[in-house]
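Please read the structure below before turning to the comments.
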Amino acid sequence: MSDSTTKSGAELLIDALKINGIQNIYGLVGIPVTDLARLAQIEGMNYYGFRREDAAVNAAAAAGFITGKPGIALTVSAPGFLNGLPSLAQATKNCFPLIMISGSSDRNIIDLDQGDYEGLDQYNIAKPFCKAAFRVNRAEDMGTAVARAIRTAVSGRPGGVYLDLPAEAIESMMIDDKKGNNVYEIVDPAPSVIPSDESISRAINIIKNSQKPLVIVGKGAASARAEKEVKELIDTLNVPYLPMSMAKGLIPDDDSHSAAAARSYSLKNADTIILLGARLNWLLSHGKAPVFNESAQVIQIDIDAYEFDSNRRIDAPILGDMKSSLRKLIDAVHEQEVTVESQWLDDVQNVVLSNKEKMRTRLEAGKTSEPLNFFGALLPLQEYMNEHPDTYLVSEGANTLDMGRNIIDMKLPRHRLDCGTWGVMGIGLGYAIAAAVETGKRVIALEGDSAFGFDAMEMETICRYHLPVTVVVLNNGGIYNGTDKVVDNQPSPTNLDPRAHYEYLSSAFGGDSYVASTYSEVKDALVKAMDSNNPSIINATLNPSAGTESGHIDNLNAKIDLKKAANNL
Ligand code: FYN
Ligand code: ADP
Ligand code: MG
């Protein structure tokens, strides 16, 4: 142990995290980081131990999105690092601020490939999957390493940072010169980026000549905590907006400007698209026809110029942080008395009302569906969230994700987390743990039965920390649904077990378990589970035929003429 005049690398690491206001670490310990986690607890930090690293790193990433400070994940070397790597990549793709710290082997052994216990060149392997990778070899560099990692994770386009920590850096000592040991609180880690006057004027000129502008609000605006400015722009121009899934709630989903229930109509007919922290990637059909009006003009506010023209010409790129950019744009709208006079908002609202009426009919019918369908299973969650908007909602799956997104309104920012930019499974329980830990609020993890399987063992973690997380599994017996049949002598590739008692995974660890097979049973179980504040699982048994292939994105599948292939045998 260090005497009062010297400090170990581990002590300096913890000091640097704490001085920058970081309180929680999400991880799975082992060689060489177990004592590091213990030290964190001794020094007053909270360490949350998971059952698999991908969930721990997902939790840290979600913590970053929710709080704006980088989430901190800790893994062991090689296999632990590799288990966490997909979640590091996912955080970077989602623009979530995260620092993944992994123990590693001493460089001389790695560089001479001398074969170490769980030896791997993690530092170089991590680089393509993160915003930046740093390796610390000496205790005296720890403060700088943490400062660089935090600043890189939160500044500009937020993302994942890898911090490689060999055992020798953890153990090495340095003289505590009482001059702060290079450990300090970073000044302005995510500086404002003010857009140019020209970029604002260019955008104003487009808006002035627009009849049908549509604002698309992305999770970048959510990360920027720019809800006030987003609402002010939309209200000032009195135009429709489309929230991307993790931007839901920046403006309450029941706002009269929402075009969410008229998505196709609004995208196809808009003559001006105003992108606020949303990328024109696959989720927005790359900004192209037939979903978009190819002749529409595009204004894009983004903190990363790399994103402009990624998929189509951007007629008015505004490089800046969301808050500063919207402030300048709104001020210019007021100064130049820009108004959008047109029937456009009314036209969108008419389509919204018509689609909402269709949805209401389906939901009403779902109440009596036997066997239970998705509408009957999801309506109780819509009702619960409308009454308890401060509940966090995490969701993953195919039909579960897509139908839940359309049916469950969000009223508060950053309260919905889901499969995100990549559309991946296995984020549910890690994200739910982070939401509960970071906010103290109740959390619903709305899971497809296949999705739940990816990190179901984290139910033990949820129970061990007694977190107010209710997992709702929509069990339709398979990936997409439970009725697929290809050949007689084996289950179909998408088959799972419709009779699976997923709920036992809660009582197995001291949580509560519920089974529900009607709308009323789901409703009752949900209220009981949420009111209890206990960890719980509700296994909602659906009609195995409920659900379409890949939910709303079957168009992305590679289709094969299986009948023809079978006939060719
Ligand atoms: C939406 N809609 C509604 C409502 N909300 N109708 C009535 N009431 C409400 N509240 C309408 C909306 O206008 C659309 O109809 C339709 O419902 C679907 O809306 P959605 O889901 O917003 O639109 P769409 O086309 O699905 O969006 C494309 C997408 C989305 C790619 C952005 O599908 C998505 O985010 N998918 C994520 C997929 C994913 O990550 N899956 C995980 C792996 S699944 P129209 O306007 O008539 O079109 C592995 O297989
Ligand atoms: P969505 O999936 O909701 O469309 P994306 O993750 O695709 O959102 O896009 C987020 C965009 O927001 C990224 O291009 C990112 O650079 C940008 N962004 C993130 N934070 C900010 C910020 N503070 N200001 C402006 N743009 C931001
Ligand atoms: Mg399923």
Side-chain angles (χ1 to χ4, degrees), residues 68 93-96 154 156-159 190 192-193 216-226 242-248 253-254 258-268 275-285 291 300-308 310 318-326 351-352 354-360 362-363 382 396-403 405-409 418-425 447-452 473-482 494 496 498 542 544 546-547 549-557:
K93 192 54 80 176
N94 271 332
C95 312
F96 288 175
V154 299
R157 169 184 280 185
S192 299
V193 179
I216 300 179
V217 189
K219 59 176 172 296
S223 299
R225 316 179 100 73
L242 199 55
M244 299 302 287
S245 69
M246 280 196 255
K248 280 168 65 76
D253 275 337
D254 57 4
S258 173
R263 187 176 193 276
S264 294
Y265 175 81
S266 54
L267 286 173
K268 197 171 184 58
L275 285 168
L276 304 182
R279 285 171 280 193
L280 283 176
N281 54 21
W282 72 281
L283 289 161
L284 283 170
S285 310
V291 175
Q300 182 166 18
I301 296 181
D302 206 293
I303 203 162
D304 188 347
Y306 174 82
E307 200 50 40
F308 300 140
S310 63
I318 299 175
L319 178 62
D321 73 84
M322 193 57 62
K323 278 191 173 187
S324 306
S325 304
L326 284 172
V351 177
V352 164
S354 155
N355 277 346
K356 284 200 167 189
E357 185 45 37
K358 287 178 205 156
M359 177 68 82
R360 202 195 54 75
R362 291 183 200 122
L363 288 168
Q382 178 196 78
E396 60 180 339
N399 298 282
T400 299
L401 175 83
D402 288 339
M403 296 181 73
R405 184 180 57 249
N406 298 161
I407 290 169
I408 302 166
D409 279 353
D418 62 27
C419 301
T421 299
W422 252 354
V424 298
M425 297 297 110
E447 301 279 311
D449 51 327
S450 166
F452 178 58
V473 181
L474 300 195
N475 180 1
N476 63 349
I479 304 170
Y480 312 140
N481 58 52
T494 59
L496 295 172
L542 270 63
E549 186 98 352
S550 299
H552 291 188
I553 58 170
D554 186 29
N555 59 304
L556 299 181
N557 272 315

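First listed ligand is number 1; within each ligand, the first listed atom is number 1.
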side-chain contact (heavy atoms from CB on, under 4.5 Å) assessment of Leu283 paired with Met244
CA-CA 9 Å; Leu283 289 161; Met244 299 302 287; 3.7 Å; yes
Audit row: Asn399, Asp402, side chain to side chain donor-acceptor pair (under 3.5 Å) steps and yes/no
CA-CA 5 Å; Asn399 298 282; Asp402 288 339; over 6 Å; no
Any chance you could lay out the side chain to side chain donor-acceptor pair (under 3.5 Å) test for Ser310 and Glu307, step after step, and finish with the verdict?
CA-CA 5 Å; Ser310 63; Glu307 200 50 40; 3.2 Å; yes
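Interface of Asn281 with ligand 2, defined as ligand atoms under 4.0 Å from a residue heavy atom, comprises 7 (O). Per-residue contacts place Pro158 under 4.0 angstrom from the following atoms of ligand 2 (heavy atoms of the residue considered): 19 (C), 20 (N). The Asp321 neighbourhood of ligand 2 comprises atoms 24 (N), with distances under 4.0 Å to a heavy atom of that residue. Interface of Gly218 with ligand 2, defined as ligand atoms under 4.0 Å from a residue heavy atom, comprises 3 (O). When each atom of ligand 2 is checked for a heavy atom of Thr421 under 4.0 Å away, the hits are 2 (O), 6 (O).
Residues Ile216 and Leu267 have side chains in contact (heavy-atom distance under 4.5 Å, counting atoms from C-beta outward). For the pair Leu319/Phe308, a side-chain contact is recorded, criterion being any heavy-atom separation below 4.5 Å from C-beta on. You'll find the side chain of Leu284 stays beyond 4.5 Å of the side chain of Arg279, heavy atoms only. Taking the side chain as every heavy atom from C-beta outward, Leu275 and Asp302 never approach each other to under 4.5 Å. You'll find the side chain of Ser550 stays beyond 4.5 Å of the side chain of Leu556, heavy atoms only. Counting heavy atoms from C-beta outward, Phe96 and Lys219 have side chains that approach closer than 4.5 Å. Residues Ser258 and Val352 are not in side-chain contact: their nearest non-hydrogen atoms beyond the backbone lie 4.5 Å or more apart. Side chains of Tyr265 and Asn355 form no contact here, defined as non-hydrogen atoms less than 4.5 Å apart.
For Asp449, the N, O or S atom closest to the Mg ion (ligand 3) goes by the atom name OD1.
Ala451 lies apart from the Mg ion (ligand 3) in this respect, since none of its N, O or S atoms is found at a distance under 2.8 Å. Because the distance cut-off is set at 2.8 Å, Thr400 fails to qualify as a neighbour of the Mg ion (ligand 3), as none of its N, O or S atoms comes that close.
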Quick check for students: name every N or O atom pair between ligand 1 and the protein closer than 3.5 Å, with distances.
from: ligand 1; atom 1: 10 (N); to: Asn406; atom 2: O; distance (Å): 2.9
from: ligand 1; atom 1: 13 (O); to: Ala260; atom 2: O; distance (Å): 3.2
from: ligand 1; atom 1: 13 (O); to: Ala261; atom 2: O; distance (Å): 3.3
from: ligand 1; atom 1: 13 (O); to: Ala262; atom 2: N; distance (Å): 3.4
from: ligand 1; atom 1: 13 (O); to: Arg263; atom 2: N; distance (Å): 3.0
from: ligand 1; atom 1: 21 (O); to: Arg405; atom 2: NH2; distance (Å): 2.7
from: ligand 1; atom 1: 21 (O); to: Asn406; atom 2: OD1; distance (Å): 3.4
from: ligand 1; atom 1: 21 (O); to: Asn406; atom 2: ND2; distance (Å): 3.0
from: ligand 1; atom 1: 21 (O); to: His552; atom 2: ND1; distance (Å): 3.1
from: ligand 1; atom 1: 26 (O); to: His552; atom 2: ND1; distance (Å): 2.7
from: ligand 1; atom 1: 33 (O); to: Arg405; atom 2: NH2; distance (Å): 3.2
from: ligand 1; atom 1: 35 (O); to: Arg405; atom 2: NH1; distance (Å): 3.4
from: ligand 1; atom 1: 36 (N); to: Asp402; atom 2: OD1; distance (Å): 3.3
from: ligand 1; atom 1: 46 (O); to: Arg263; atom 2: N; distance (Å): 3.2
from: ligand 1; atom 1: 46 (O); to: Ser264; atom 2: N; distance (Å): 2.9
from: ligand 1; atom 1: 46 (O); to: Ser264; atom 2: OG; distance (Å): 3.4
from: ligand 1; atom 1: 48 (O); to: Ser264; atom 2: OG; distance (Å): 2.5
from: ligand 1; atom 1: 50 (O); to: Tyr480; atom 2: OH; distance (Å): 3.2

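Atom 26 (N) of ligand 2 has Ile303 N, 3.2 Å as its closest protein atom, hydrogens excluded (heavy atom only). Closest to atom 24 (N) of ligand 2, if we only count protein heavy atoms, is Met322 N, 2.9 Å. Among protein heavy atoms, the minimum distance from atom 23 (N) of ligand 2 is reached at Ala224 CB, 3.3 Å. Here the heavy atom of the protein found nearest to atom 2 (O) of ligand 2 is Lys219 NZ, 2.8 Å. The protein heavy atom nearest to atom 10 (C) of ligand 2 is Gly277 O, 3.1 Å.
For the atom pair Met359 CE and Ile407 CD1, the distance stands at 4.5 Å (nearest 0.5 Å). In this structure, CG in Leu474 is found 4.0 Å from OG1 in Thr400, a value given to the nearest 0.5 Å. Annotation: the span from Thr494 atom OG1 to Asn481 atom CG amounts to 6.0 Å, rounded to 0.5 Å.
By heavy-atom distance, the residue among Ile301, Leu284, Asp302 lying nearest atom 17 (C) of ligand 2 is Asp302. Nearest-residue assignment for atom 5 (P) of ligand 2 (options Arg157, Arg225, Glu307, Arg279; heavy-atom criterion): Arg279.
Residue Met322 comes nearest to Ala226 through the heavy atom pair CG-CB, 3.7 Å, listed as atom of the first residue, atom of the second, then distance.
Taking 4.0 Å as the cut-off, Ala247 does not count as a neighbour of ligand 2 on heavy-atom distance. Residue contacts with ligand 2 leave out Ser245, since none of its heavy atoms falls under 4.0 Å from the ligand.
For the pair O of Gly478 and OD1 of Asn476, the angle at the Mg ion (ligand 3) is about 90°; rounding is to 10 degrees.
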